Amino acid sequence: MMFDRRKEQLIAKIQSFCEAKGLPIQKAELRNIPFSGEWGVALPFFPLAAADRDRSGSVPQHAQALAEALKAELGIPEGFSRLEAVNGYLNLYFSTSEYAKEVVTSVLNESNRYGSRPGSGKPTMIEYSNPNTHKPLHVGHLRNVILGGAVSNLLEASGKPVVRVNYIGDIGLHVIKWMCNYEMYHAGEEPAADKMRWMADLYAEADKRFSEDPAFEHAVRAYFARWDGGEQHLKDLWLLTRAWSMEGFEQVYDLLGEHFDHIYFESEVEEPGKLLVEDLIKSGLAEDGRPENPVIIDLDKKLGTKEEYRVAVILRSDGTSLYATKEIPLAIMKFSDYELDESIYVIDVRQSLHMKQMKKVLELMGYEWAPRMRHLAYEIVNLPGNVTMSSRDGTVVLLDDLIREATERALAIVREKNPSLSEAETREVALEVALGAIKYPMISRENTKIVTFDWETALDFNGQSAPYIQYAHVRANSILTKAGGRKPERFDFDYDLQPSEINLIEMISHFPVEVERAAKELKPSLIATYAYDLAKSFSDFYNQCQVINASAEIRGARLALVDAARITIKNALKLIGIKAPRIM
RNA sequence: GUUCCCGUGGCCUAAUGGAUAAGGCACUGGCCUCCGAAGCCAGUCAUGUGAGUUCGAAUCUCACCGGGAACACCA
């Protein structure tokens, strides 16, 4: 980039200025100017002033004096329009036309690659979604899927290959309940077209019977014993119904635009887990308390820590497996299946201690990669009044219901706002808008903050929301279409740029930096916020600057800018799993 | 009891240790003969408390207050 080179030249000059004055140059760092309307870089002189032994007066005063001194020394470097020493900062403003052209040109050239870099190196594995078969998905699962998917996208965009994996809970009491209920009351029935829904309804029915009908509970226990006995008929039924459930999940993942590279099943790590526990007992790491007590690893005792790692329970006293039993072989399997740089777990914050224990256990077992396991902890989704979602208490919002409700609402709005669309277009747009609207609040806040779900917010298509961003994209698209769809081959920003278009170009140019930061910190919320700010900048521009009706010399440049904005909005939305419709 | 997370206008959220704390919702009043009003413009209102570090703190440290979570056989 031309401006990178100019910056380097500038930094060299600043360095010689600092050396001449005996100032610690390592403390000189360029940053963005917070005000809009013009662009450039700012150099704060406070650290230099504080370190200067020849300082006269207060630090801010001296910073201002230094800024002025450097300003006088630099004159006006090539590529800059003016310099300004104010409030202890030296602000260096770029020549607008060159900078604008450079930004817009590179966005148009890179198009849908703008903001991403090619991948290289060892892959990072990201485990997320992790649903239980035979059970419905609720909005808590949605946050996990959206977050995991977005983090995967971000890492990919920042140049890391990614392996997306899903760890499916395909065994346990919930499965037995479902199958027992099915055999007793729905034997031979086939799933409805909406498999997710059908499975969920039967699960709710089974769960209700289980808690209300002692006879059914009895039947389930007996059924479980037959399962443990390895009865072939039950195995066949399990495989069949699990496949139904997986097909249901696939339907939902397709709808959400998610995919996985590898599926791990709980059932495939259960036996290896039990074998590992025996090894751990033999090696002396684990203590076998059976038959009265479970098999444990007393981490605090082993490590000499106090109430930090606590006790990890790795096998029940009756010899049956626990979550932890299976987690250990799964972690090992991941690193042997792939040569991983990192193994990320997207799991809610309540499992932080458990994750910390697993990592430590694997470290004690001698796996060099254990430190490369990383828990991405996120907060749960609540209901108003700090009500935790629980299917047992019936305080749960099913994903299915939410998507249906949002789509219906979107459909009505699209019909009202844009009646000229065909039925097929209307449906497609409504779905994209509805999904965007329900995804956005899940991803736009920090991972560590609780999301409180309420229908009003989830179905609000105004304000800071995905539909607002999508709408900006649609309007940009609309201008380009009206202009004839042809892209100007040559354009220049040699005219007096309006503050709103300078601001828009500035926002567009920040995208790659935002992607890097979001990837590094595993924070998709930064991109969600950025996408909104970008859309807002575009709206400002849209309201203040004419494009199609502009004079010939301005028109080409503004069309190019609109196209660059359109591309950047679309790319940003894509990273957070939201589609950008052409029309709406 | 130990540990972790969160406290920013009436409500929800934003702000790589840096300049004037930024938006949304709600409320009030304006704007469709002008590239689409899911929009735009204008208005009122905020960093839990107290110390510390720093030239400079919403941000870092400590204490306290308030809310949530985890802590031996759920996942």
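Please read all numbers here as calculations on a predicted model, not as lab measurements. Because only heavy atoms are used, hydrogens play no part in the values below, and waters and symmetry mates are left out as well, while side chains stay in. We name chains A, B, ... by the order of the sequence lines, and we start the count at 1 in each one.
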- Task: For A:Ala377, answer base if it contacts any base atom (sugar-phosphate contacts may also be present), sugar-phosphate if it contacts only those atoms, and nothing otherwise; contact means non-hydrogen atoms under 4.0 Å.
- Result: nothing
- Query: What's the closest nucleotide to the A:Asn418 side chain, out of B:rG23, B:rA19, B:rG36?
  - Reply: B:rG36
- Rounded to the Å, how far apart are A:Tyr532 OH and B:rA22 C1'? 10 Å
- Can you tell me the distance, in whole Å, between the CG atom of A:Leu90 and the P atom of B:rA19? 17 Å
- Message: Both A:Glu456 and A:Asn32 contact RNA chain B. Taking the nearest nucleotide for each, which residue is further toward the 5' end?
- Response: A:Asn32
- Item | Within 45° cone and under 6.0 Å: A:Arg558 NZ/CZ vs A:Phe541 ring | no
- Message: For A:Tyr542, does the six-membered ring have the charged nitrogen or CZ of A:Arg475 within the cation-pi criterion, i.e. under 6.0 angstrom from the centroid and within 45° of the normal?
- Response: yes
- Going by atom types alone, do A:Thr448 and A:Glu379 pair a side-chain donor with an acceptor below 3.5 Å? no
Would you mind building the protein contact string for [range]? One character per nucleotide, 5' to 3', B for base within reach (heavy atoms under 4.0 Å), S for sugar-phosphate only, - for untouched.
| range | answer |
| --- | --- |
| nucleotides 37-46 of chain B | SBSSS----- |
| nucleotides 67-75 of chain B | -SSSBBBSB |
| nucleotides 54-63 of chain B | -B-------- |

- Salt-bridge criterion met for A:Glu266 and A:Lys326 (N-O under 4.0 Å): yes
